[in-house]
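The next block holds one structure in the form of structure tokens; read it before the comments.
Bear in mind that the values here come from a model prediction, so they are computed numbers and not experimental data.
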Amino acid sequence: MDYNFTEIEKKWQEYWEQNQIFEVEIDNSRPKYYVLDMFPYPSGAGLHVGHPLGYIASDIYSRYKRHCGFNVLHPMGFDAFGLPAEQYAIQTGQHPAITTNNNISRYRKQMLKIGFSYDWSREVKTCDPKYYKWTQWAFIKMFKHWFNNKTNKAEPIDKLIEIFEKEGNLNVDAACNKCRQFDSRQWKTMSEKQRQEILLHYRLAYQAETMVNWCPELGTVLANDEVKEGVSLRGGHPVFQKKMKQWFLRVTAYAERLLDGLEELQWSESLKEIQRNWIGRSEGASIWFEIAPLESGKQIDETIEVFTTRPDTIFGATYMVLAPEHSLVEKITAGEYKNGVKKYIEETNKKTERERLEEAGSITGQFTGAYAKHPFSGDLIPIWISDYVLSDYGTGAIMAVPAHDSRDYDFAKHFSLPITEVISGGDISEGAYDSLEGTLVNSNFLNGLKVVDAINKVISELERQGIGEKKINYRIRDAIFSRQRYWGEPFPVYYKNDIPYVLEEDQLPLVLPEVDSYQPTEEGEPPLARAKNWKTKEGYPLEVSTMPGFAGSSAYYIRYMDPHNEKELVSKEANEYWRDVDLYIGGTEHATGHLIYSRFWNKFLYDTGMVCREEPFKKLVNQGMIHGRSNFVYRIKNTNKFVSSNLKDKYDVTPIHVDINLVHNDILDTGAFRKWSPEYRDAEFILEEDGKYHCGHAIEKMSKSMYNVVTPDEIIEQYGADTLRMYEMFLGPIDQSKPWDTKGIEGVHKFLKKTWRLFHDKNNKPNISEENPTEEELKILHTAIKKVTEDIERFSFNTSVSAFMICVNHLYSLKCNKRKILEDLIIILSPFAPHISEELWRVLGKKESIADAPFPEYNPSYLKEDLKKYPITFNGKVKLNLELPAGLSPGEIEEKVINDENVKKYLGEKKVKKVIVVPDKIVNIVV
RNA sequence: GCGGAUGUGGCGGAAUUGGUAGACGCGUCAGACUUAGGAUCUGAUGCCUCACGGCGUGGGGGUUCGAGUCCCUCCAUCCGCACCA
């Protein structure tokens, strides 16, 4: 074999490692560039060919930036805590650390073989106590901070205590849980426990009892982004709403900043849109409804707060609805309705999230027997409960305006509640009219106003009377931060008097203890409750929940800057040098989870002065998925006969996935198929005219069960890592999903072989000419330099691969082996195919790694042409081509074209109406 | 329902700003060299048509000398959100 990729790749991978070529240090003489991959969760199945797509792209970009003189930080690590390893531990009893470490070493081995330019000395593992020390540390910091809405940032809780001591919380505007008001005198008379309870309402990491997503199957609560369509993202288990005490991160405090911060980021519009949706900002008003004296005559002095985006329709509010979980429900329910309400709440609680979603649209509800007072008219409006009002959006209560909201309309029709039109323009006998077009009617002081004006007027009136205010509401919820699981970071929290306190920083890391089983205890406590001596030195019990998966991944990009620092998360020096991630590559699946949490986490660290950039990821590229290409055989039902794809319609068949390794170009190796599984040993085949069995195919997810998994390892063995890298890029645009089809790989492999042959003679001996290149050769080279440079800059790696092919094909046909051409060629190729480039670099006699060779700049003067080929079109249709000298004026071109013999021939009798000349491009003759 | 993306040969895709649609590669066909080919090399290859020529970028309409690219409209697929008040 001429091009012995196996030997070459091994050689240079060892060279890079031994010479620490890709280990980087702070170097103030060079500009930094930080390229980051979303670090993987190492699953048991290993990497398939789809996983490294983004890593290859980022590696190309990293190597390119390095050629351009940047000091490139390009690290890799592992998101190592998580459910799969723990589920496996529950099944087998094997400690999840063992599974995880095995998987990590397999992943690392697979990645090393692809030849990435990672600085492995900076590798982090989230399950390593040296690493999670800083996750726990950040939690403590959040616990010790609150969010001041006035300054719009996090501030130390000590400052808040000072304020409380001086003036209570009367003037404090904080992002906090509902909290009663108190003055300094009251604060001073409070017990330690009472004070701590109040402070918990303000902390950025806080504990609270609210409705959470409870997944019994996994035995844990889940964050909103871990639940999709009412089932857990991992495993697809049903999820219930349950009231529980849990840890939260006050992400909502940063809602506005998370939204505003998106503007400046170079992320795809769709990703930003997903985040905007998730944050879900809506403008409207808060309105406080008084509760009318109950039937019993009892007066409840609490008000029902509702949020509405349409305060203009307030005179159309004919009833109110509370979420069944609303805290006032019990208090206001009148005696005769108590049973009905109780029953309704029980039924709601029984439903899983999924059932609730599925039943959306079916109308259920229950009257409480209580009435609220309309804030302007004073009319009594009945208060209902219904699960169409969600407890965790807005205030969990609405004013229902059936005439102008379709859900309220349906509800009102169903329960025969009054419908009052307040915006003209619709027909409320037909349905709700929710348009913003129209004029206010039946609305007292709003009559005659347009909707927008009415909104403004009613808000100022609400504020004037002190019964409501302008309000911006967010859909985003605080992140549930505790999991009733074993394999995660322990909370640095202990309990005294049932009040949580955090450990001192010098007691970190709080190491995950050993347990005898990974199951919950018999009392339903999390696995950590099994740990012996799980308490502080003083004997206080430690928290038994652990942190969720996103905890460890929220600041890992910061840790890479200074991964071995035992004193700080990151030194000031390292942080100020590396600053932020310039390029972040990963999948869209993290759009609402990781990418929101890390932005939140980073903003918090920014507020406290611990990092210097407010947004962590300047530019983000989402790589598309690579799907598998499956093959099918068609078994005739109830037989062991298999019919070829094109004949299958004549029979009643069952398609069966067949291992793609038994199939070449969709032709089944029938012998191998018989050996594949005993049940097919006696299989018979109905072949096509060509005597072959043709398989069907489909593009599907790559998965073991579909027998369509292709691993990087098998590709590397057969073609080498450089071929794998180039082929992955060649498949198509990085951000699009595309199918993997191994058979196409020959093209890029041939290209690399051809490149090799440019440098070698027939006997595979290096053969480089010192002659000066011709103009033609320079033009070929510089066309490629220009194209590849531009393509890399805009992440169009597929087109740069074809540029290389064109260039090498050209040079090959000219038998060009001139040093002055090949040197530059091999540098621009090296980010894509680093091993062969490093090898051919030595063939050119170089002693140092190609990784530091300066990237060649293209010289426009080599691209100039003396003759330009002009397509001549008639009414826009190309009829012929003319070669004209470059640099002619449009007038001269027109003259030459009109007088050209061939053009005249085409014209014949037709008259020329107009000639359009686009210099260097085209000539259009209008006839 | 709302929001976003995508739609180009048999296949993956190219055409960066309105200027020769189908680059590059796979596959297919033909040929060369071969004992052989799932090796290598050369050539052809959008569709219809014997040809002249015509038709072609999801469908329909428009702007323009000229549209894959811009505008309107419809359709399909994928993704995100969804009883969000």
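Counting to the nearest Å, the C1' atom of B:A5 and the NZ atom of A:Lys272 are 16 Å from each other. Nucleotide B:G13 holds its C1' atom 13 Å from the CG atom of A:Asp735, rounded to whole Å. Following rounding to the nearest Å, A:Ile745 (CD1) and B:C11 (C1') show an atom-to-atom distance of 16 Å.
The residue A:Val918 sits close to a base: some heavy atom pair falls under 4.0 Å. A:Ser802 comes within 4.0 angstrom of a base, heavy atoms only. Residue contacts for A:Lys787: at a heavy-atom cut-off of 4.0 Å it reaches a base atom on one of the strands shown. Within 4.0 Å of A:Val389, counting heavy atoms only, lies at least one base atom of the nucleic acid.
Of all nucleotides present, only B:C29 satisfies the Watson-Crick or G-U wobble test against B:G43, with each distance under 3.5 Å. Summarising the base pairing, B:A5 is matched to B:U77 through a Watson-Crick or G-U wobble pair whose two defining distances lie under 3.5 Å.
Glycosidic torsion of B:G61 falls outside 90° of 0, placing the base in anti.
The pair A:Glu746-A:Lys753 does not count as a salt bridge, with every side-chain nitrogen at least 4.0 angstrom from each carboxylate oxygen.
At the phosphate of B:C24, neither OP1 nor OP2 sits under 4.0 Å from any side-chain N or O atom of A:Asn809.
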